[in-house]
Amino acid sequence: MSDYIEITVEKEGVSDTSYEVREVHVLNGKYVKEGEIVLSYETSKALIDVEAPISGYAYHNCEVDDLIEVGGVIIFISQVCNSFPVLTG
């Protein structure tokens, strides 16, 4: 089993291909609890809050106003501090 999980951008609308990041709620390496909001992005119809599916250390590869692709990885949550893949974006 991997030391981390990936959080990807889910498709919210039929014709959507990307969304704009509105708020990053955590700093890289910050410990988050399951259910905590880690990032918010805007679709053509709504503001979507992304919750941590597990507790662990969060690492993101996006900033406010970045466009994020549907299906792309936006956050990793690691069970081990400083244990994450190289982030690009």
Side-chain angles (χ1 to χ4, degrees):
M1 182 176 150
S2 177
D3 286 339
Y4 63 89
I5 64 161
E6 300 174 338
I7 299 175
T8 58
V9 179
E10 295 183 19
K11 189 169 195 160
E12 302 292 336
V14 175
S15 61
D16 293 342
T17 59
S18 64
Y19 304 116
E20 192 166 344
V21 176
R22 284 296 171 214
E23 191 166 357
V24 178
H25 299 274
V26 297
L27 297 173
N28 277 328
K30 179 182 180 264
Y31 188 83
V32 296
K33 294 181 181 177
E34 181 178 343
E36 185 175 340
I37 296 173
V38 293
L39 183 131
S40 300
Y41 61 86
E42 186 172 21
T43 71
S44 57
K45 299 187 186 243
L47 186 66
I48 306 297
D49 290 330
V50 178
E51 294 181 358
I54 64 169
S55 296
Y57 299 91
Y59 299 92
H60 58 83
N61 63 342
C62 56
E63 301 297 330
V64 173
D65 296 329
D66 283 355
L67 287 179
I68 50 177
E69 299 286 324
V70 170
V73 176
I74 52 172
I75 293 180
F76 294 90
I77 297 184
S78 174
Q79 297 296 301
V80 180
C81 187
N82 294 324
S83 175
F84 57 95
V86 174
L87 300 174
T88 59

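The residues of the chain are indexed from 1 along the displayed sequence.
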Just verifying a value: how many Å separate Glu51 CD and His25 NE2, rounded to the nearest 0.5 Å? 10.5 Å
Within a 6.0 Å radius of atom CD on Glu10, are there more than 12 heavy atoms belonging to other residues, nucleotides or ligands? no
Under 3.5 Å donor-acceptor, Ser55 side chain and Glu34 backbone: yes
Closest approach of Pro53 to Ile7 (non-hydrogen atoms, all atoms of both residues): CD-CD1, 3.6 Å
Taking only residues two or more places apart in sequence or in another chain, which ones pass side chain to side chain contact (heavy atoms under 4.5 Å, CB included) with Thr8? Val73
What's the spacing between Ile75 CD1 and Asn28 CG if we round to 0.5 Å? 9.0 Å
List the atom of Asp65, the atom of Arg22, and the distance in Å for their closest heavy-atom pair. OD1-NH1, 3.2 Å
Lys/Arg N to Asp/Glu carboxylate O, Lys30 vs Glu36, below 4.0 Å: yes
Ile48: side chain to side chain contact (heavy atoms under 4.5 Å, CB included) partners, not counting sequence neighbours: Glu12, Tyr41, Thr43, Ala46
Would you kindly confirm whether Ile37 and Val26 end up in one hydrophobic cluster when ILVMFWY residues are joined by side chain heavy atoms under 4.5 Å apart? no
So, for Ser18 and Val70, which heavy atoms are closest and what is the spacing to 0.1 Å? N-CG2, 4.0 Å
Supply the atom-to-atom distance Ile77 CD1 to Ile5 CD1, rounded to the nearest 0.5 angstrom. 5.0 Å
Can you sort out the partners of Val24 under side chain to side chain contact (heavy atoms under 4.5 Å, CB included), two or more places apart, ordered by chain and number? Val21, Leu39, His60
In this structure, CG of Asp49 is separated from OG of Ser40 (nearest 0.5 Å) by 3.5 Å
Linked, directly or transitively: Ile74 and Ile54 (ILVMFWY side chains, under 4.5 Å): yes
How long is the span from the CG atom in Asp16 to the CD atom in Glu69, to the nearest 0.5 Å? 11.5 Å
Measure from the ring center of Tyr59 to the ring center of Phe76 and say whether it is less than 6.0 Å. no
Looking at Val80 and Ser78, what are the two nearest heavy atoms and their distance? O-OG, 2.6 Å
